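Predicted model only: the values in this text are computed from it and were never measured.
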Amino acid sequence: MFIQFCFFVVCLNASQLPKTILVFGGASGWFGQVMVKQLKELGHNPICAQSRLENREQIVEEIDRIKSDMIINAAGITGRPHIDWCEDNKQATIRANIIGCLNLVDIAYMYGIHVTNIGTGCLYDFDEKHPKGSGIGFKEEDEANHFSSLYCATKVYLEKLLAYYPN
């Protein structure tokens, strides 16, 4: 994740400045706030999204109004005080972390806007091909296999679905 974040920042730094970037999760999320700060330091114009991922109409209105060059999605539900909350709030978790994110990416696709999705969560568990302590790591193309919590499962399923969107 850190390497991908650094690559993302380098790509934005090398691109033509400034870009207007709509950041979901930028107003209150930890990752989103870090992104907003970094983008400002790079000379971009980050705007914290006000719409909720679950509200398609609000997203469309905000994209129409902001006219951003790209979108960063760092929004989602992690649960309070931690991801165990998601186990007792399955529908809310799925609504935000899968349906909401897909709403955003789908709308951006229709507008021709690139979306960078940033999130936390385990995608891989040690297995026969990757025994604990072996030093054998997973690769991007390896099938995700971590389903021990609903929170992590939403990340696995979302990754699979996002692969169908070129933006």
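At least one donor-acceptor pair under 3.5 Å links the side chain of Thr93 to the backbone N or O of Asn89. Of the possible polar contacts, none joining the Ser68 side chain to the Ile71 backbone as a donor-acceptor pair under 3.5 Å is found. For Gln33 (side chain) and Ala27 (main-chain N/O), a donor-acceptor pair under 3.5 Å exists by modelled atom type. Side chain of His44 to backbone of Lys19: a donor-acceptor contact under 3.5 angstrom is found. Checking side-chain atoms of His130 against main-chain N and O of Ile136 turns up no donor-acceptor pair under 3.5 Å. At distances below 3.5 Å, at least one donor-acceptor pair connects side-chain atoms of Lys90 with backbone N or O atoms of Glu87.
Rounded to the nearest 0.5 angstrom, Asp127 CG and Glu143 CD are separated by 11.5 Å. Interatomic distance, Thr78 OG1 to Trp30 CH2, rounded to the nearest 0.5 Å: 12.5 Å. Considering OG1 of Thr20 and CG of Asn45, their distance stands at 4.5 Å, rounded to 0.5 Å. The SG atom of Cys86 lies 11.5 Å from the CD atom of Gln91; values are rounded to the nearest 0.5 Å.
Ile63 is connected to Phe24 through a chain of hydrophobic side-chain contacts under 4.5 Å among Ile, Leu, Val, Met, Phe, Trp and Tyr, so both are in one cluster. When the side chains of ILVMFWY residues are joined at heavy-atom separations under 4.5 Å, either directly or via intervening members, Leu22 and Ile118 end up in two distinct hydrophobic clusters. Note on Ile113 and Leu162: same hydrophobic cluster, where clusters join Ile, Leu, Val, Met, Phe, Trp and Tyr whose side-chain heavy atoms are under 4.5 Å apart, directly or indirectly.
Within a 6.0 Å sphere centred on OH of Tyr124, other residues, nucleotides and ligands contribute more than 12 heavy atoms. Environment of CD in Glu141: crowded, with over 12 heavy atoms of neighbouring residues, nucleotides or ligands closer than 6.0 Å.
Residue Ser51 forms a side chain to side chain donor-acceptor pair (under 3.5 Å) with just one option from Arg65, Glu62, Gln58, and that option is Glu62. Of the candidates Val60, Asn55, Ile59, Asn55 is the only one forming a side chain to side chain contact (heavy atoms under 4.5 Å, CB included) with Glu57.
At a cut-off of 3.5 Å, with distance as the only test, a side-chain donor of Asn117 or Asn73 sits close to an acceptor on the other residue. Looking at Asp125 and His146, their side chains do bring a donor and an acceptor atom within 3.5 Å of each other.
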**OP:** Quick one: do Val23 and Leu39 satisfy side-chain contact (heavy atoms from CB on, under 4.5 Å)? Show the steps, please.
**Re:** CA-CA 10 Å; Val23 182; Leu39 292 167; 4.0 Å; yes

**OP:** List the steps, then state whether side-chain contact (heavy atoms from CB on, under 4.5 Å) holds for Met70 with Val115.
**Re:** CA-CA 6 Å; Met70 68 176 293; Val115 178; over 6 Å; no

Original post:
Would Gln50 and Cys48 satisfy side-chain contact (heavy atoms from CB on, under 4.5 Å), going step by step from the backbone distance to the final call?
Top reply: CA-CA 6 Å; Gln50 301 302 308; Cys48 296; 4.2 Å; yes

**OP:** Please report the C-alpha distance between Tyr157 and Phe147 in whole Å, then the side-chain angles of each, then the deciding distance to 0.1 Å, and finally whether the side-chain contact (heavy atoms from CB on, under 4.5 Å) criterion is met.
**Re:** CA-CA 10 Å; Tyr157 293 128; Phe147 296 97; 3.7 Å; yes

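A salt bridge links Glu54 to Arg52: one of the charged nitrogens lies within less than 4.0 Å of a carboxylate oxygen.
Looking at residues two or more places apart in sequence or on another chain, you find no ring-ring contact (aromatic ring centres under 6.0 Å, His included) involving Tyr111.
In the hydrophobic clustering, Ile83 connects to Tyr151, either directly or through intervening members, whenever side-chain heavy atoms lie under 4.5 Å apart.
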Would you tabulate the side-chain donor-acceptor contacts of residues 96-108 under 3.5 Å, counting partners in other chains and residues two or more places apart, or write 'none'?
residue: Asn97; atom: OD1; partner: Ile77; partner atom: N; Å: 2.7
residue: Asn97; atom: ND2; partner: Ile77; partner atom: O; Å: 2.9
residue: Asn103; atom: OD1; partner: Arg56; partner atom: NH1; Å: 3.1
residue: Asn103; atom: ND2; partner: Leu53; partner atom: O; Å: 3.3
residue: Asp106; atom: OD1; partner: Tyr165; partner atom: OH; Å: 2.9
residue: Asp106; atom: OD2; partner: Arg56; partner atom: NH1; Å: 3.4
residue: Asp106; atom: OD2; partner: Arg56; partner atom: NH2; Å: 2.5

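Smallest separation of non-hydrogen atoms from Val156 and Ala144: CG1-CB, 3.7 Å. Taking all atoms of both residues into account, the shortest heavy-atom contact from Ala75 to Gly25 is CB-N, 3.8 Å.
For Phe138 and Phe126, the ring centers are positioned 6.0 Å apart or more.
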